[in-house]
2 protein chains.
Amino acid sequence: MSNIHIKRHLPPLAALPAFEAAARHQSFSRAAEELHLTHGAISRAVAQIEDRLGVELFVRRNRRVWLTAAGERLLKATSAALNGLDGAVEDIHRHDGASPILTVSCEPSLAMRWLMPRLGGFREANPDLNIDLRLAGGPVDLLADGCDVAIRRADYGISEQYITTRLWAEHAGPVCDPDCWETILAGNLSNARWLHARTRPDAWDVWKRASGSEATAASEQYFDHFFFALQAAVNRLGTAIGPLPLVHDDLKAGRLIAPLGMAPTGYDYVLITLDPPVRDPRISLFFEWLMAEAGDMDGGALPGNDMMGPGKKI
Amino acid sequence: MSNIHIKRHLPPLAALPAFEAAARHQSFSRAAEELHLTHGAISRAVAQIEDRLGVELFVRRNRRVWLTAAGERLLKATSAALNGLDGAVEDIHRHDGASPILTVSCEPSLAMRWLMPRLGGFREANPDLNIDLRLAGGPVDLLADGCDVAIRRADYGISEQYITTRLWAEHAGPVCDPDCWETILAGNLSNARWLHARTRPDAWDVWKRASGSEATAASEQYFDHFFFALQAAVNRLGTAIGPLPLVHDDLKAGRLIAPLGMAPTGYDYVLITLDPPVRDPRISLFFEWLMAEAGDMDGGALPGNDMMGPGKKI
DNA sequence: ATTTATTGTGAGTAATATTCACATAAAACG
DNA sequence: CGTTTTATGTGAATATTACTCACAATAAAT
């Protein structure tokens, strides 16, 4: 448990400011001036990093130097590292450590179709707390990515080092444009053109299992992204499996209907944090807001609820 | 020009691995084991950072330690910094510095409505080059954010330290759902309900100036995001000013029409890089692809083009 | 050819990082 | 309740390293 050795290959950290300044100025002498050192110190610092990495960072041509490809790569990471640390120190001096920025990692489709349209409301309610939204899917490394919280669909094992707080259980069901539901109800779902997404190829199977349906598709079409399949459904191209959060606003606005209702897929959406949300007031604020916004997300849109459009009973 | 002193407040960098390990283990002794040092070395490293910052990083209670708020903030930056550097070193060792990841910073609305739907195509065409997309608006600091390129609407002064490459000139015009254009043409634009976005409050004025229109709104409505106003237009709530990239796909799919055509707004969309795109093969690849995808973006959708729906002549 | 601007380097020195040994403190244990 | 165990803090000695200085080397600028 305690011998989680993180084996890193780090350059000599103390030499990084010298390297960064030298790269910025493309000159060891200017870097020396900036840092109030001698050019020899810069030269040795750079040489030290090069020795450690076994790669040349600069191309030296008599009166000027410039970065090699390796140097460019290291500069990118170095600048990010130094600026990030500088920002942290400033935050600490100004706000005693409580950063007024909450960095949220969210899956792209959920962010686009659910979170972003609502973030304006959060900003209005909490003008002091800025949300920095990053789109990313799959396993998350909060520390490495510098994120405070992540929102994920818990369809994979989430590292035990994190605290996961359940947000809502995912419900999903076939969605199509309002004009097509009669067609579907007249016969059955097998009349429909099924829209698939390669990012979640089992969506239809999961739904069939959850709802006990035995339907097969009349025709099928594949898209690269879930987002795209849903857009196609809005655009009357067929019927897609819509997870509730991603189609919530479309259902509410009448752009889509879910004539067969929604069934739980067995997956939860969770909030991933390093510590329990209550420990960080920013996170607890965000969490409370999320839960309030998601009030009608968790079973509230099952058959019997009027959000679904007219054909909610199968 | 050369005396751009970047005044940073950095913690003692060499002490950071000790701090990070101590924070991770919540124990100085475990950290010492991991780093093959004595607990005294860890204690002094942490104390050194605390002295420099003038803040306590750990709460010491006899047999355990945990982070203060300031410590948590510094840990976030430190982890990100060390992991970022580690990644750079690994890239350098594996690929001699050429990272197989291209980090792209893009404005959220453009990313959502134009870039993301196309990225799948890029990934298929270039499976070796992964795109890491970050949503951010306004001024960009490529180095600080660790981004290779940024895509921006050049509506503000862009720092001279960057190379800006023009992508296309923005065209914009009123867009509404296909059923409403007859209403508009029957009278004029003043019959319409104008949809505004607080993120670009001058959009209608800019268009009126560009097109010479003197119209005024029959009624108006405000939204928090451009994205939202456009969604409202799709949803038949009124007429919004649609910049071509953001409504391109909606026009093409017939969800929206632009009965009065598009006029240049005077703003360019640009690619922002540290060096000319040709110098980095990843960037030049991405740039070429962008230009190919944007083939019909630059004036190609002006009145007279059939992309606009039936009412393209005013 | 001389000057100028730049980086590399050996040797000495200044600074600092690390250890060792001991001090301290409170929980755990019998 | 005393003893042991597990932690961290710290003074002094020591090992390491970072930095400077002075000089070397190089090639462009004059």
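Chain identifiers are assigned alphabetically (A, B, ...) following the order of the sequence lines, protein sequences preceding nucleic acid strands; residue numbering begins at 1 within each chain. These numbers come from the heavy atoms of this one structure, side chains and all, not from hydrogens, waters or symmetry mates.
- Remark: A/Ala21 pairs with A/Arg24, A/Ala31, A/Glu34, A/Leu35 by the side-chain contact (heavy atoms from CB on, under 4.5 Å) rule, at least two apart or across chains.
- Residues that satisfy the salt bridge (charged side-chain N to carboxylate O under 4.0 Å, His left out) test with A/Asp132, not counting sequence neighbours, are A/Arg134.
- In this view, A/Asp268 and A/Arg166 satisfy the salt bridge (charged side-chain N to carboxylate O under 4.0 Å, His left out) rule, not counting sequence neighbours.
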Nucleic acid footprint by protein, nucleotides 5-13 of chain D - heavy-atom cut-off 4.0 Å, B for base, S for sugar-phosphate alone: BSSBBBBB-
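- B/Ile42 comes within 4.0 angstrom of no nucleic acid atom, judged by non-hydrogen atoms across all strands.
- Residues that satisfy the side-chain contact (heavy atoms from CB on, under 4.5 Å) test with B/Pro276, not counting sequence neighbours, are B/Ile163, B/Val278.
- Looking at B/Ser43, its side chain never comes within 3.5 Å of a backbone N or O of B/His39 through a donor-acceptor pair.
- Distance A/Asp51 CG to D/dA18 C1': 15 Å, rounded to the nearest Å.
- Every salt bridge (charged side-chain N to carboxylate O under 4.0 Å, His left out) that A/Arg153 has, sequence neighbours left out, goes to A/Asp155, A/Glu170.
- The outermost nucleotides of DNA chain C lying under 4.0 Å from heavy atoms of chain B, listed 5' to 3', are C/dA17 to C/dA28.
- Within the structure, ring-ring contact (aromatic ring centres under 6.0 Å, His included) contacts touching residues 60-79 of chain A (residues at least two apart or in different chains) do not occur.
- Not a single salt bridge (charged side-chain N to carboxylate O under 4.0 Å, His left out) links A/Arg52 to another residue, sequence neighbours left out.
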